[in-house]
Amino acid sequence: MQSWADWLEQRLGYRLVTRHLRNRILPDGPSWAFTSASCLFWLLIIQCFTGLLLMATYSPSMTSAWASVHFIDQSSAGRFLRGVHHYASHAMIILFGIHVLRVLITGAYRAPRELVWITGLMLFPLVIIWTVTGNPLSASQKGIAQIQVEGNILAGTPVIGPFLQRVLFGGEEVGILTLTRLYFLHVGLLPLLIGGLTVVHLYQVLKHSPYQSPTEESPASGALTYWPYQSSRNMVTLALVMSIVGWLAWQYGAPLYAPADPDLVHTPRPEWYFRWLFELRRYFSGNTEFVATMVIPSAFLFGFMAVPFLDRFRSPWISTVCRVLVVAACAGGWGWLTALSYLQDWKDASYLAHEAEFEAISERALELAQTEPITEQGAVMLLRNDPQTQGPRLFARHCVSCHSHADPQGHGLVAAEPSAPNLYGIGTTDWIAGFLEPVRASSDSFFGKTKFREGDMVQHVTGLFSEAGEAGQEGLKQKLRSVAAALAAEAAIESPEAALVTAGREALTSSVGCTDCHRFHDQGELGSAPDLTGYGSANWLKQMIAKPTAERFYSDRNDRMPEFAADESHPELNLISPHELDLLVRWLRTPAPTKAP
């Protein structure tokens with residue numbers, strides 16, 4: 001091993017490079033408290049390395065970024081790699097905070113180490129900005145919403161704010177250039193700034209560290225050398241941190257939220273390390289907001305930078321007390337404001353509901369990405385073309401003022417003042433059977449709040465039960481059940497028994513007398529009541545929603561239902577587009593419960 005090391009030394013002269021580590025001594029001995037600096041350095045290297053690997057697959061475009069990140073997550077290695085990059089960035093911020101407080105409380109900023117302290121403080125906000133610019137690169141709704149808020153905060157800075165926002169966004173608002181700007185900052189400018197400042201910082205650290213003479217085998221003072229005594233502790237700490245980061249990356253991976261879409265309901269919140277600032281903003285408003293977001297943080301930063309110079313004028317005892325108080329105040333203030341911010345959200349039922357919905361939408365986007373192709377229009381179309389996502393929204397926008405879409409337990413979309421049938425389960429045997437039972441037909445879930453409550457339909461069904469008498473009740477129920485099954489077969493949402501459907505079709509056109517008012521294929525006439533041909537099918541529902549006043553449906557007997565898409569030649573003038581109508585109908589015909597949007 002020694003001969004191999006000598007061979008490398010003759011060709012590379014590496015011992016000259018490692019001399020600083022081998023000859024650096026520790027007057028006060030090694031300490032676990034000193035491991036944070038080395039751990040931060042290696043985390044920086046890991047971030048750069050994992051970032052370079054991710055760049056090989058990532059595509060910085062609003063239409064392709066989400067898809068490229070999702071592609072990375074499809075392999076175990078890619079998912080782990082992105083997870084390490086994500087969690088290591090959070091570990092850096094935590095360790096940086098610990099490191100700054102450790103240097104402050106031990107007074108390690110004193111002359112001649114002023115520049116070590118100042119360059120370290122300058123690195124802290126740069127590392128946070130580095131992390132912030134990486135969050136939106138997945139083009140997820142959460143990341144884009146966060147950068148939109150952060151850009152608006154930046155715009156509130158007097159004089160230069162609007163200019164800085166345009167530089168960040170590539171325009172007045174988040175747009176197609178935003179990811180390109182963020183990508184440049186994240187992988188280009190900020191790594192250069194952080195790398196350059198780190199070199200200056202490390203040079204100052206090494207320059208002002210004590211060393212033994214290269215000819216000495218051990219320090220005359222008896223102090224231990226940095227290598228291997230402190231280095232071994234550094235490696236143990238790094239191994240511990242990376243084991244936690246690695247476990248989180250393997251167990252959970254980095255989160256990927258729904259693709260960015262301005263139509264999505266989302267209440268943006270900053271990451272945990274900015275929660276204190278988010279809470280501080282509550283105490284300022286309008287033109288004074290920049291005081292919380294710019295003035296106070298800058299004052300703290302410059303105040304900390306001035307500590308080495310102010311410390312010269314204090315006695316050692318007063319200096320120690322002041323440092324302890326400052327550390328306690330900063331840690332306590334950060335923790336208090338952060339806790340208040342989370343507490344406010346935990347008590348906000350509306351926010352929690354929106355977050356639960358957003359989580360569900362994000363899970364849905366990931367499900368769709370596994371089965372549906374992502375087109376050149378981008379991953380945003382996964383949800384825009386998904387009936388289960390868009391259907392509840394369209395129903396809430398156009399239908400819930402009159403109709404509910406709620407299961408028997410009341411879960412779903414519930415109208416504040418329902419005045420039309422509950423459409424949950426529309427086209428199924430059970431739903432249709434409700435119109436063929438006198439009590440249910442006149443209930444609020446069906447005709448109870450409409451002008452048809454005492455109309456021909458309810459009177460006819462009531463008459464059938466009266467004529468059947470007690471002895472014929474059960475037989476009539478079975479016959480009407482078969483009629484419901486026959487109409488459910490028209491909707492083709494479920495598959496009733498063939499024999500039941502055949503019996504129902506026969507009863508529908510004969511003994512039950514449906515075709516006295518309704519048309520059913522070649523039986524009956526149009527104009528008196530809705531056509532039962534294809535009842536509940538996709539085409540039937542589209543035509544019904546588009547123009548309920550058509551002869552095929554309610555004609556002049558229509559009860560308040562608007563024409564949503566009556567003008568086929570000018571669809572842009574309609575209340576709902578053909579695409580939206582298709583999504584709404586497909587969702588209505590899905591035999592599954594839904595959550596309120």
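All figures in this text were calculated on a predicted structure; none of them were measured in a lab. Numbering of residues begins at 1 and proceeds along the displayed sequence.
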Looking only at heavy atoms, what is the nearest atom pair of [X] and [Y], with distance?
X      : Y      : value
Leu121 : Leu301 : O-CD1, 3.8 Å
Ala258 : Ile361 : CB-CG2, 4.0 Å
Ala365 : Pro259 : CB-CD, 3.7 Å
Val69  : Ser138 : CG2-CA, 3.9 Å
Ala406 : Val414 : CB-CG2, 3.9 Å
Ala260 : Ile144 : CB-CG1, 3.7 Å

Output the distance between atom [atom1] ([X]) and atom [atom2] ([Y]), rounded to the nearest 0.5 Å.
X      : Y      : atom1 : atom2 : answer
Leu95  : Cys39  : CG    : SG    : 5.0 Å
Arg102 : His99  : CZ    : NE2   : 5.5 Å
Leu53  : His85  : CG    : NE2   : 10.0 Å
Trp587 : His405 : CH2   : NE2   : 4.0 Å
Leu583 : Asn385 : CG    : CG    : 6.5 Å
Gln47  : Leu44  : CD    : CG    : 8.0 Å

query = Do Thr237 and Thr35 have a side chain donor and acceptor closer than 3.5 Å?
reply =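 Yes.
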ask   = When you check the side-chain N and O atoms of Gln74 and Gln370, is any donor under 3.5 Å from an acceptor?
value =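 Present: a donor and an acceptor within the cut-off.
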Would you check if [X] and [Y] make a side-chain contact, meaning some heavy-atom pair closer than 4.5 Å?
X      : Y      : value
Leu43  : Met242 : yes
Phe395 : Leu588 : yes
Gln146 : Glu271 : yes
Ser89  : Trp130 : no
Leu182 : Leu168 : yes
Phe278 : Pro268 : no
Leu581 : Phe564 : no
Tyr87  : Ile244 : no

task = Could you please spell out the steps behind the salt bridge (Lys or Arg N to Asp or Glu O under 4.0 Å) verdict for Glu173 and Arg166?
result = CA-CA 8 Å; Glu173 298 288 338; Arg166 287 194 297 273; over 6 Å; no
ask   = Among Ile176, Thr178, Leu177, which one satisfies side-chain contact (heavy atoms from CB on, under 4.5 Å) with Val174?
value =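 Considering Ile176, Thr178, Leu177, a side-chain contact (heavy atoms from CB on, under 4.5 Å) with Val174 is found only for Thr178.
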Between [X] and [Y], is there a donor-acceptor pair closer than 3.5 Å when you use the side chain of the first and the backbone of the second?
X      : Y      : value
Ser140 : Pro136 : no
Ser341 : Thr338 : no
Ser61  : Thr63  : yes
Ser64  : Pro60  : no
Arg79  : Trp250 : yes
Ser298 : Val295 : no
Thr57  : Leu54  : no
Thr288 : Phe284 : no
Arg589 : Gly536 : yes
Asn574 : Asp567 : yes

Should the heavy atoms of other residues, nucleotides or ligands under 6.0 Å from [atom1] of [X] be counted, would the total exceed 12?
X      : atom1 : answer
Tyr273 : OH    : yes
Glu376 : CD    : no
Tyr342 : OH    : yes

request  = Mind running salt bridge (Lys or Arg N to Asp or Glu O under 4.0 Å) on Asp345 and Arg275 for me, showing each step along the way?
outcome  = CA-CA 11 Å; Asp345 285 345; Arg275 278 287 189 151; 2.7 Å; yes
message = Quick one, Thr119 with Gln204, criterion side chain to side chain donor-acceptor pair (under 3.5 Å). Give me CA distance, side-chain angles, the key distance, then yes/no.
response = CA-CA 9 Å; Thr119 53; Gln204 289 291 314; over 6 Å; no
task = Apply side chain to side chain contact (heavy atoms under 4.5 Å, CB included) to Gln390 and Glu580, showing your working.
result = CA-CA 8 Å; Gln390 300 300 329; Glu580 290 173 331; over 6 Å; no
Aromatic plane relationship, [Y] with [X] - under 30° parallel, 30 to 60° tilted, over 60° perpendicular:
X      : Y      : result
Tyr183 : Tyr58  : tilted
Trp66  : His70  : parallel
Trp272 : Trp334 : perpendicular

inquiry  = Run the side chain to side chain contact (heavy atoms under 4.5 Å, CB included) test on Glu363 and Tyr257 for me, step by step, so that the C-alpha distance in whole Å, both residues' side-chain angles and the decisive distance to 0.1 Å come before the verdict.
reply    = CA-CA 8 Å; Glu363 290 177 11; Tyr257 298 98; over 6 Å; no
request  = Report the C-alpha separation of His266 and Glu355 in whole Å, then their side-chain angles, then the decisive distance to 0.1 Å, and conclude whether the side chain to side chain contact (heavy atoms under 4.5 Å, CB included) test is met.
outcome  = CA-CA 7 Å; His266 178 57; Glu355 280 298 287; 3.6 Å; yes
inquiry  = Run the side chain to side chain contact (heavy atoms under 4.5 Å, CB included) test on His201 and Met122 for me, step by step, so that the C-alpha distance in whole Å, both residues' side-chain angles and the decisive distance to 0.1 Å come before the verdict.
reply    = CA-CA 10 Å; His201 183 76; Met122 291 170 66; over 6 Å; no
query = Think Arg269 forms a cation-pi with Tyr351, using NZ or CZ under 6.0 Å from the six-ring centre and within 45 degrees of its axis?
reply =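 The answer is yes, since Arg269 meets both limits relative to Tyr351.
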